[in-house]
Amino acid sequence: MARSYLHEARRKVGPKRARIRPVIERLAVEHADAAIALRFRSPLELLVSVMLSAQTTDVNVNRVTERLFVKYKRPEDYLAVPVEELERDIFQTGFFRQKAKSLRGTMQILIDDYSGEVPDDFDALLRLPGVARKTANVVSAERGHAQGVVVDTHVRRLSQRLGFTREEDPVKIERDLMRLVPREDWARFPHLLIWHGRRVCDARRPACEDCVIADLCPSSRVDVVPYVSGVRATSSPPSSS
Ligand code: SF4
């Protein structure tokens with residue numbers, strides 16, 4: 001998109017501070033089922049699932065953890081087997097050696113410092129082996145006290161397309177989003193963007209003609225009319241000029 005066109009498009013949709021709430025509200029209606037796709041029943045299973053989800057799909061993780069969580073119920077269970085056995089049990093999630101090492105290191109700290117429980121404290125989570133900011137953010141958000149905004153590939157792409165950030169680095173994108181998104185929405189906002197990214201705003205072929213926030217998006221590829229609840233915001237395909 002040419003720079004002058006982008007500038008004009010940004011001017012047309014208005015400042016991001018005025019757009020953020022309607023974007024959240026419309027996406028919340030459109031994707032009322034948006035939630036974490038990982039399956040877990042406890043903070044420990046949540047932590048393990050998120051750690052295993054690096055570089056693979058949630059579907060793949062769920063397939064592995066369905067069996068894993070039958071065998072490994074407590075932190076001690078991850079240390080009671082030879083590391084090779086744990087590696088075999090998580091092999092299908094990829095990067096199994098590094099993940100097994102991180103899991104065992106984390107379990108040892110949970111046992112030594114937190115009586116086998118997953119700590120609530122964000123900084124304590126960050127100190128666990130293999131737990132980076134994104135993992136700590138997901139765990140905190142799912143436990144009801146989000147400390148930041150999860151930035152994955154969908155959140156990054158949509159935030160850029162919506163003009164909410166011009167950054168490329170996930171840490172800087174998160175900083176921009178924390179300034180923009182109301183704190184009470186920090187947990188659900190990433191889910192809304194992730195589901196919108198999967199269903200509508202595809203990386204290669206965004207379906208702008210089916211997008212409920214097209215009139216709020218400076219990257220929209222279609223002409224738009226003002227949004228009416230329940231009615232698509234788009235009106236006509238883009239001219240070829
Ligand atoms: S209008 Fe198009 S680019 Fe913008 S969010 Fe919707 S699908 Fe994505």
Side-chain angles (χ1 to χ4, degrees), residues 1-37 53 57-59 134 137-138 141 146 148-241:
M1 199 176 281
R3 185 179 285 268
S4 59
Y5 179 80
L6 194 59
H7 179 76
E8 174 58 22
R10 285 212 175 107
R11 194 193 59 73
K12 210 166 152 187
V13 297
K16 56 187 176 185
R17 296 219 163 269
R19 291 183 287 121
I20 185 67
R21 280 196 186 276
V23 163
I24 292 171
E25 283 165 14
R26 287 189 210 170
L27 291 182
V29 172
E30 185 76 355
H31 307 294
D33 55 344
I36 191 167
S53 71
T57 64
D58 292 347
V59 172
K134 185 177 157 211
N137 264 334
V138 174
V149 179
V150 174
V151 176
D152 78 343
T153 179
H154 296 289
V155 174
R156 171 177 155 166
R157 182 176 74 258
L158 269 75
S159 297
Q160 291 169 337
R161 284 180 175 171
L162 285 161
F164 292 160
T165 184
R166 296 183 187 195
E167 302 290 352
E168 292 290 335
D169 176 54
V171 173
K172 291 179 181 169
I173 292 173
E174 183 185 356
R175 186 198 58 200
D176 285 350
L177 293 177
M178 286 169 74
R179 287 184 186 138
L180 181 68
V181 177
R183 185 161 189 146
E184 66 269 22
D185 289 317
W186 282 3
R188 72 168 171 165
F189 182 72
H191 292 313
L192 295 174
L193 291 198
I194 289 166
W195 286 68
H196 197 60
R198 285 181 183 151
R199 291 170 169 167
V200 181
C201 191
D202 182 74
R204 291 191 183 166
R205 296 161 66 98
C208 302
E209 64 281 3
D210 288 327
C211 180
V212 293
I213 52 173
D215 61 322
L216 297 168
C217 177
S219 304
S220 173
R221 299 180 180 190
V222 291
D223 294 335
V224 293
V225 294
Y227 175 81
V228 179
S229 182
V231 178
R232 298 294 173 197
T234 54
S235 63
S236 61
S239 67
S240 53
S241 60

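Model, not experiment: these values are computed from the prediction. Counting starts at 1 for both ligands and their atoms, following the listed order.
- Put simply, the side chain of R221 never gets that close to the backbone of C208: no donor and acceptor are under 3.5 Å apart.
- A donor-acceptor pair under 3.5 Å links the side-chain atoms of R19 to the main chain of L162, judged by distance alone.
- Looking only at protein heavy atoms, the nearest one to atom 8 (Fe) of ligand 1 is C201 SG, 2.4 Å.
- A distance of 12.0 Å separates CG of L177 from CG of D185, quoted to the nearest 0.5 Å.
- At a 4.0 Å heavy-atom cut-off, ligand 1 touches C211 through the side chain alone.
- Both the backbone and the side chain of C208 come within contact range of ligand 1, each with a heavy atom under 4.0 Å.
- Looking at E167 and R175, a side-chain N of the basic residue comes within less than 4.0 Å of a carboxylate O on the acidic one, giving a salt bridge.
- Protein heavy atom closest to atom 4 (Fe) of ligand 1, with residue, atom name and distance, is C217 SG, 2.3 Å.
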